[in-house]
Amino acid sequence: MLLDEGRAITYCILMKKATLILTMLLLSMNIYALLPINTSPESIITDIENISKLFPHSQGSDKEKELIKYITTRLTETGVKFSVQDFQNAVGYHSFSQIIQADIPGENEDILVIAIPLSRSNQYSVDNDFGILNIVTGLSMVESLSAHKPPVNIKILFLGGELEDDSGTSLGSKLFLSSFFPISPVAVLYMNFPDRPGKIRLGTGGIGVVSPRWIIEQTTSALNNTSIDYYTLSQETQIFRIGMGSPRGRITPYLANDYPAIYIEGEEGDSSSIDWVNSILYFTNNFLESNQNGFPLERENHYQFVRVSGKTRLISELAYIRFLIFTTLLLVLYPFFARRRFKRYTMLLKKHIWIIPVMVGLVFIFLLLSTLLIEAILRIQNTPDFWQHHAMAFLFLKLTGALTLYWVSHKILKRLPFSRRGNFYSATALLLLIILFVIVCIINISFAYIIMWSLFFAFLFSIFRSRIIKLFCLILSMAWTVYFTYIIFYTPYNELADFLLFSRFAGNGFLALVLLPHIFMSIRLSFLFFIRGRRPRKIMDRIILFTLLFATLLLALNLLITSPFPPETAQPLIIRDNIDIETPCRKVSLESPAPFTLENLSYEDEFFTIDPHSRVAEMDCESIPPSPEIKTELSSFLGRKEIKITINSLEDQNPSRIDLTLISLNQDELILLDSNFPYSLDSESGTAVILLGSNPPMPLILSFILPGDQVVEGQFEIHFSPPVQIEVQGDKKFAIEKKQIFNFKRKLIGE
């Protein structure tokens, strides 16, 4: 009895130990997901307060240098290994900023790059502290992720010289990638948040490249487990696929180097900074948890987006191609099962094939005339970019204008020997959609589903006899095309919208091909909705004509009287103060995207009269302000000469940019043996552009080594840019940007 009890006790002890060991093994497999990830609220608040004092920290500025020092101090306190890299050895570009790379070792060799822009973006107004939360989030990530070993290696980048437009974009990313040659798989999360965040918008590509399917799926899956609301515009990916740009194209350098990347952009909202940072930490943790065994190697790019129950889902490339092949086979095999219908359609097309080029030409001409109409409106408004503020209205004007012209010519067209057989127009619509489908597949198969959708419903349109069903098929056939067009004109893809609105030949020709199948289907439908009696037909024709004409005139008049910049919107006004030191001569020019609506301007105690209907004005100014000092020194050795240039700033401000071009005064080409800054050499013109960047330090020392017989002239442009300011003239607000530019020409022979 005692023996049995002893065995039972031993058995229980062994079971407890086995259970404990098994539990420990299970926990060790997923221990990363169970570890705490929140950083302390006090740390977040402290970082926000300290970094806010350094705003705005434009690239290369003194405040950015203080910010970099603050970040490196925080990284030192965390105990994370980090490095700071400047642009001194960059090839083809330069900035006075720096990038910071914090390295957190992981369990395996795969690498997750988290890229965070350091400088603020010029696209936001000066009163918006855009960029502070970026850095706070990055520092919190370092603090949280370094507390335990993550499943993969992590590189957190604070990218200087990244978002400002003066000296190019993504310079920080270019500098990082120039020395980044990993053997292991890589994934990139590029994060950019406003300081009053609300929700996330995912950017899934760059110019000519798109993100792989797996990184989009895992990013959305990781976001689903947080409190952050997000969305993805599927049509944006299509825009990237055809090589056009977007404000969210910051990941282009990474995708171009074949690194899977996604752009995580925050939008303005009312979220708490502490909650937002912790939610991003949870998202990052979820993303790492789903990649504990490393990142996938697949690079599937021809996926498609669908929206199911408010969540983004992706159709794989294989499933998409199978769908296209299956639907294409159905259309190809259909004539074998409906021979009589196919034969009838073929005979009608042979008999009246001439109608197709005639209709294509007519629709093209009507669209061309509508294009000329909207160009005339822009000329009257004297605001070339006015359409970008009202893109949908201009699109409607173009379409209603073309339809009005078509209906005006309706009576003339009726006299031509067009086919009176409705089946001809159904057959022609199918033929044009098949041709368009083949063209789109050749250009980019990712767009084929839009044409296939139209082709499918056009096919149903031709089969069903009920006019109600035909009407629904016509409407549904246009659904994807209308939605895609809406996305193009609703979001800032100005390249494609500009092509569709203003390209007189290629754009209007493409629009004609897209519109014609639906026009032919409408003509076929009109045979079924036949109105008995001559008088009722005339009344209906007039109602349609006057409706289209009224809509066109109303849109045109509204666009003519609408102010490009209403009183509540500040109108941009650029003042360029050009000072030629050699002459000496000073000219002040005004530039604005819309007419000034001002009759006079006071500038530095001088009064100027300007044309209120103009967008450009130029005035002479008598006073010449103090100019920056340029000193040159020449030294020779071994048949070579070194020219050293020292540029000193004005007393009250430093230059925002310095442009220097070296011009050979010899008959032969310019030979530049060495330079302490990168340069771009043009051997044909005998010039070299020295690449400096924004906010150069003062005094700035430039050094060049030339052949001893080389004679060089330096053309200097020294830019000063005071902060943007808002001024009110009457009931009109102006966002004034002042640029003072000193121009020098100096023969570089020393002093």
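Keep in mind that this is a model prediction, so the values were computed, not measured. Below, all heavy atoms of this structure are taken into account, side chains as well, without hydrogens, waters or symmetry copies.
Salt bridge status for Glu49 with Lys53: absent, with no side-chain N to carboxylate O gap under 4.0 Å.
The aromatic ring centroids of Tyr449 and Phe447 lie 6.0 Å or more from each other.
Contact detail for Asn695 and Ser58: the closest heavy-atom pair is ND2-OG, 3.4 Å. Closest approach of Ala261 and Leu255 over heavy atoms only: N-CD2, 3.6 Å. What you find for Val277 and Leu133 is that their closest heavy atoms are CG2-CD1, 4.0 Å. In plain terms, the two heavy atoms of Glu267 and Arg201 that are nearest each other are OE2-CD, 3.4 Å. Considering every non-hydrogen atom in both Ser273 and Ile48, the closest pair reads CB-CD1, 3.7 Å.
The salt bridge (Lys or Arg N to Asp or Glu O under 4.0 Å) search around Lys65 returns none, not counting sequence neighbours. Under the rule for a salt bridge (Lys or Arg N to Asp or Glu O under 4.0 Å), Glu66 has no partner lying at least two apart in sequence or in another chain. Residues meeting the salt bridge (Lys or Arg N to Asp or Glu O under 4.0 Å) test with Arg322, sequence neighbours left out: none. The ring-ring contact (aromatic ring centres under 6.0 Å, His included) search around Tyr483 returns Trp480, not counting sequence neighbours. Residues passing the salt bridge (Lys or Arg N to Asp or Glu O under 4.0 Å) test with Asp275, sequence neighbours excluded: none.
For the pair Arg196 (side chain) and Pro194 (backbone), a donor-acceptor distance under 3.5 Å is absent. No donor-acceptor pair closer than 3.5 Å links the side chain of Asp659 to the backbone N or O of Leu692. Between the side chain of Ser173 and the backbone N or O of Pro253, no donor-acceptor pair lies under 3.5 Å.
To the nearest 0.5 Å, atom CG of residue Asn286 and atom CG of residue Leu223 are 8.5 Å apart.
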Residue pair Phe677, Tyr679: steps toward the ring-ring contact (aromatic ring centres under 6.0 Å, His included) verdict:
CA-CA 6 Å; Phe677 284 98; Tyr679 59 88; over 10 Å; no
Distance-only donor-acceptor hits, side chain of residues 178-187, under 3.5 Å, sequence neighbours excluded:
unit_1 : atom_1 : unit_2 : atom_2 : d
Ser178 : OG     : Leu175 : O      : 2.5
Ser184 : OG     : Glu109 : O      : 3.2

